[in-house]
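A short write-up of the structure that comes next.
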Amino acid sequence: MLEALTYPFFQKALTAGLLTGFTGSYYGVFVVQRKISFIGSGLAHAAFGGVALGLLLGIEPLLTAVPFTILVALAIVYLQKHTQLAADALIGVLFALSVALGIIFLAVKTQYTSDAYSYLFGSILTVNDQELIIALLLSLVTVLTFFKLWARWAYSTFDVELAGADKIPIEFDNILLILLISVTIVISIKIVGIILISAYLVIPPASARLISSSFGSMTVISVIIGMLSSMMGIIFSYILDLPSGAIIVITQTMIFFIIVLISLIKKNKK
Amino acid sequence: MSEQANILEVNNLNVVLGQNTVLEDINFNLTKGAYLAIVGPNGSGKTTLMKTLIGLVKPNTGDVKMFGANIDDLPPGTISYVPQIKTMDKAFPARAIDLVMSGIQRRWSFKINSHDSDRVATIMHEVGAGDFIYRPLAALSGGELQRVFLARSLIRNPKILLLDEPATGIDLVCELSINKLITEYNQKFGTTVIMITHDWSAAYHHTNYVLLLNRRQVYYGESKTAFTDENLQLTFSHLGHGHGIKFGLKI
Ligand SMILES: Nc1ncnc2c1ncn2[C@@H]1O[C@H](COP(=O)(O)OP(=O)(O)OP(=O)(O)O)[C@@H](O)[C@H]1O
Ligand SMILES: [Mg+2]
């Protein structure tokens, strides 16, 4: 096992896993508290269309997936504001369109379907330098948002009206959050796979919520769980030679149930 | 005297929401230290008027000036707002102290230092919420939550305090003590208070001005002369649920 740490592919996977574990579980607290986990799964499916487009054109899928996903995210925000439809219905429409496009792109370019497998389920063997750099940049930006934006996002997550009365730029903040979530989702694809990304965003904060009395502690605990489970998941995935996304999510779920158990025992003791 | 200058001016305000004209031709001014009650039936536009005053709702025509400026240009913390009680998001992890802190910070707090928590404790004791400073918001009753909201709005020492039905869900004894507290702030610090209430008697006794609202402004003036039969008929009866009721305030 230790020798794996000397393999460049494994180092890359582990670093990328820790970074996406950090950003995913950090933005995840807002996803969970704003009850927009459907956005996570919607954007993951949008990312599928973007990845498939990259595969079709024979260019780095990241380069098509990032703009494609951001475009869908902005379309959701725009349509939500200007139509009477609920966000989940809108996302349902765009999500279906992106997946349908993705399937057609892949069908046209048949020889790439084996690659598609690693995007759907996650594969630590295929993390490349571009992804690592973007993950690193995103993590830096995310650390900055902690100092500048966390307190505003948290305020409007608690109550839009109070935040509005205190002149928080709610719409701007909201768009920024959705954009950063979009990038987080795209760079998590290699590690987690498209199918399980929304779970990856939601399980650490949901677990943290069970044992947090304040939003600050929920954020910290979520990030710890997110990074820990990504690291453990990638190591187990290497040892067991199974898709990393599935192993990470299973690790997260186990942590979730352990916390449920602990909080139940605590409650009974009282 | 400069103290008598208007600190709030509302001119020809019209608000349309969706297809509804919710407010029509509202005009009034307040001077420093005024205590205004807004009274009117359900759906008469009271909450909308308050939200327009603080800039949460944009008027279609007319304007609101506070201290001679547009609301968006006011120094932060000038006003504080206690919203009409609503079902809380119980899933959000927050304690009473976190909510009160947002009154000082105008942001959510990641961590609360001991100086701030002392300040919060003092004000929470003042509003009778001293027993549940660290209690999760989800574990508070409606009346307890209302007191926490009140502490939150008082802690920033606002120049203008806006309260949307602050007595809702509060027992009589606590209501009296809260009314007393608001009156005290109004008199001691010269805080201008605007309160929406369904309690005519409280409006008559505690406030100096009353605005009777029914989409249009039926009456604006001294509270002692507001509650005439005629004014109350005009305010309440043509919504369909006031027929045959004898109005008039027994005091
Ligand atoms: N976003 C909106 N779109 C359309 N109509 C609205 C909107 N918000 C409020 N209204 C309508 O405006 C009217 C006034 O609402 P408002 O909440 O201001 O009443 P209110 O006087 O505060 O009533 P209550 O005593 O029940 O609190 C109501 O008829 C309401 O249905
Ligand atoms: Mg109202």
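Computed from a predicted structure; not experimentally measured.
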Can you tell me which portion of Ile54(B) sits under 4.5 Å from chain A's heavy atoms? Options are side chain, backbone, both or neither. both

Could you tell me whether the side chain of Ile250(A) reaches within less than 4.5 Å of the side chain of Met254(A), counting heavy atoms only? yes

Hey, is Asp72(B) close enough to Lys58(B) for a salt bridge, meaning N to O under 4.0 Å? yes

More than 12 heavy atoms of other residues, nucleotides or ligands under 6.0 Å from CD of Glu184(B): is that the case? yes

Tell me, side chain or backbone of Val32(A) under 4.5 Å from chain B's heavy atoms, or both, or neither? neither

Can you list the residues of residues 90-103 of chain B that sit under 4.5 Å from chain A, counting heavy atoms only? Lys90(B), Ala91(B), Phe92(B), Pro93(B), Ala94(B), Arg95(B), Asp98(B), Leu99(B), Ser102(B)

Tyr81(B) (side chain) donor-acceptor with Asp166(A) (main chain) under 3.5 angstrom: no

Is it the side chain or the backbone of Thr157(A) that comes within 4.5 Å of chain B heavy atoms, both, or neither? both

What residues of residues 110-143 of chain B make heavy-atom contacts with chain A at a cutoff under 4.5 angstrom? Phe110(B), Leu137(B)

Other residues, nucleotides, ligands: >12 heavy atoms within 6.0 Å of Tyr78(A) OH: no

Name the region of Arg209(A), side chain, backbone, both or neither, that has any atom closer than 4.5 Å to a heavy atom of chain B. side chain

List the steps and the verdict of ring-ring contact (aromatic ring centres under 6.0 Å, His included) for Phe215(A) and Phe30(A). CA-CA 10 Å; Phe215(A) 195 61; Phe30(A) 299 104; 5.6 Å; yes

Measure the shortest side-chain to side-chain distance between Ile195(A) and Phe48(A) over non-hydrogen atoms and say whether it is less than 4.5 angstrom. no

Nearest non-hydrogen partners of Asn70(B) and Val64(B), listed with the distance: OD1-O, 4.1 Å

Would you find a donor on one side and an acceptor on the other, under 3.5 Å apart, between the side chain of Asn60(B) and the backbone of Val16(B)? yes

Is the backbone of Ser153(B) close enough, under 3.5 Å, to the side chain of Ser80(B) for a donor and an acceptor to pair up by distance? yes

In terms of heavy-atom pairs under 4.5 Å with chain B, the winner among Ala163(A), Ser214(A), Gly216(A) is Ser214(A)

Does some side-chain heavy atom of Leu176(A) sit less than 4.5 Å from a side-chain heavy atom of Leu149(A)? yes

Which atoms form the tightest heavy-atom contact between Ile175(A) and Leu74(A), and what is the distance? CG2-CD2, 4.0 Å

